[in-house]
Amino acid sequence: MDLVIGALDLPARVDEALAVQAVAFGLGPDEVAVRRQIVLRHMTNPGARSFGATVGDALVGFVYGMPNDRVHWWSTVVQPYLRAQGNEEWLDDSFVITELHVHPAHQNRGVGRALITTITDTASEPRSILSAIDTESPARALYRSLGYQDLARRVLFPSAPRPYAVMGAPLPLRRP
């Protein structure tokens, strides 16, 4: 069957999406339960939107994001790190990629690239920001290939066991 990228009613399919995230990100049931509430709350924010990758009826990947707002929890955590690097202005007039996950069986096939370019193509903001685990990984390589650059590294989120990097790119994203 063919892969289809399209708008996703994330609140209606939140459990399917979190099942993909759990496998892709190694989350346990308790973490999934917490993230479920976060996703549902995020999707009530103005401008929040999501896209999914499906094969038949099966959701194999998803992305969601929203225009950044400095009062959002994520912004308040990353702001001092960005300020220390002279990159605080990236918090203004930017579209945040909140989550992007692809089931491991469908990774390395362009699904993540298609999802992130599709959602950022809908943004009216001139740039995009995101956070990713601060290690060399296929995800970070993908982001770099799209034009994202490190804005701050070794960003510590409460309860996260590993540091993150905050990355930013001008929109539209670079295409190969």
Side-chain angles (χ1 to χ4, degrees), residues 1 3-45 48-66 68-69 71-82 95-116 118-120 128-144 146 148 150-168:
M1 299 189 117
L3 178 81
V4 176
I5 304 292
L8 175 67
D9 182 353
L10 187 54
R13 296 185 78 176
V14 67
D15 293 322
E16 289 173 85
L18 290 175
V20 170
Q21 184 176 5
V23 173
F25 214 56
L27 301 178
D30 292 342
E31 292 169 298
V32 168
V34 169
R35 288 178 184 252
R36 185 177 198 282
Q37 299 309 312
I38 292 169
V39 169
L40 293 173
R41 185 179 70 245
H42 281 164
M43 292 309 295
T44 66
N45 286 322
R49 52 196 169 276
S50 57
F51 290 85
T54 55
V55 176
D57 291 333
L59 186 68
V60 300
F62 75 100
V63 63
Y64 81 91
M66 65 197 82
N68 191 52
D69 187 328
V71 301
H72 291 160
W73 175 83
W74 182 86
S75 287
T76 64
V77 173
V78 304
Q79 184 269 337
Y81 294 93
L82 291 172
F95 186 82
V96 179
I97 302 300
T98 308
E99 299 287 350
L100 169 62
H101 298 286
V102 176
H103 191 283
H106 295 272
Q107 291 177 0
N108 301 311
R109 298 181 185 180
V111 177
R113 179 180 302 277
L115 286 167
I116 196 170
T118 299
I119 197 168
T120 57
S128 172
I129 54 178
L130 56 81
S131 55
I133 294 174
D134 193 2
T135 186
E136 293 312 310
S137 65
R140 296 271 313 268
L142 168 63
Y143 302 145
R144 282 193 195 99
L146 294 166
Y148 285 88
D150 291 343
L151 301 175
R153 297 195 59 195
R154 294 181 281 290
V155 175
L156 301 174
F157 288 100
S159 76
R162 296 183 281 184
Y164 279 69
V166 175
M167 302 177 78

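- Relative ring orientation between H106 and H103 is described as perpendicular, the plane-to-plane angle rising above 60° on a 0-90° scale split at 30° and 60°.
- Exactly one residue among M43, H72, M66 makes a side chain to side chain contact (heavy atoms under 4.5 Å, CB included) with T98. That residue is M66.
- In this structure a side-chain-to-backbone donor-acceptor pair under 3.5 Å is present from E31 to G28.
- Judged purely by atom type and a 3.5 angstrom limit, S128 uses its side chain to pair as donor or acceptor with the backbone of F95.
- Considering only residues two or more places apart in sequence or on other chains, A114 meets the side chain to side chain contact (heavy atoms under 4.5 Å, CB included) condition with I5.
- The closest side-chain heavy-atom distance from L142 to Y148 is not below 4.5 Å.
- In this structure, CD1 in I129 is found 9.5 Å from CD1 in I97, a value given to the nearest 0.5 Å.
- For Y81 (side chain) and L156 (main-chain N/O), a donor-acceptor pair under 3.5 Å exists by modelled atom type.
- For the pair D69/N45, no side-chain contact is recorded, criterion being any heavy-atom separation below 4.5 Å from C-beta on.
- Residue pairs meeting the salt bridge (charged side-chain N to carboxylate O under 4.0 Å, His left out) criterion with at least one member in residues 159-168, sequence neighbours excluded, do not occur.
- Ring orientation note: the planes of W74 and F157 are close to parallel, at an angle under 30° on the 30°/60° scale.
- Summarising the geometry, atom CG belonging to L10 is positioned 7.0 Å from atom OH belonging to Y64; distances are rounded to the nearest 0.5 Å.
- At a threshold of 4.5 Å between non-hydrogen side-chain atoms, the residues R36 and L40 count as touching.
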For this session: Assess whether side-chain contact (heavy atoms from CB on, under 4.5 Å) is satisfied between T120 and L146, documenting all intermediate values.
Result: CA-CA 11 Å; T120 57; L146 294 166; over 6 Å; no
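- Sequence neighbours left out, the pairs with a member in residues 5-14 that pass salt bridge (charged side-chain N to carboxylate O under 4.0 Å, His left out) are R13-E16.
- The side-chain heavy atoms of L100 and Y143, taken from C-beta on, include a pair separated by under 4.5 Å.
- Between R140 and D134, the closest side-chain pair of non-hydrogen atoms falls below 4.5 Å.
- Between G52 and L115, the closest heavy-atom pair is C-CD2, 3.7 Å.
- In this structure, V78 and L151 have side chains that are not in contact, with every pair of non-hydrogen atoms separated by 4.5 Å or more.
- In this structure, I38 CD1 and L18 CG are separated by 9.5 Å, a value rounded to the nearest 0.5 Å.
- The shortest side-chain heavy-atom distance between T118 and V63 does not fall under the 4.5 Å cut-off.
- The shortest distance between side-chain heavy atoms of H42 and E99 does not fall below 4.5 Å.
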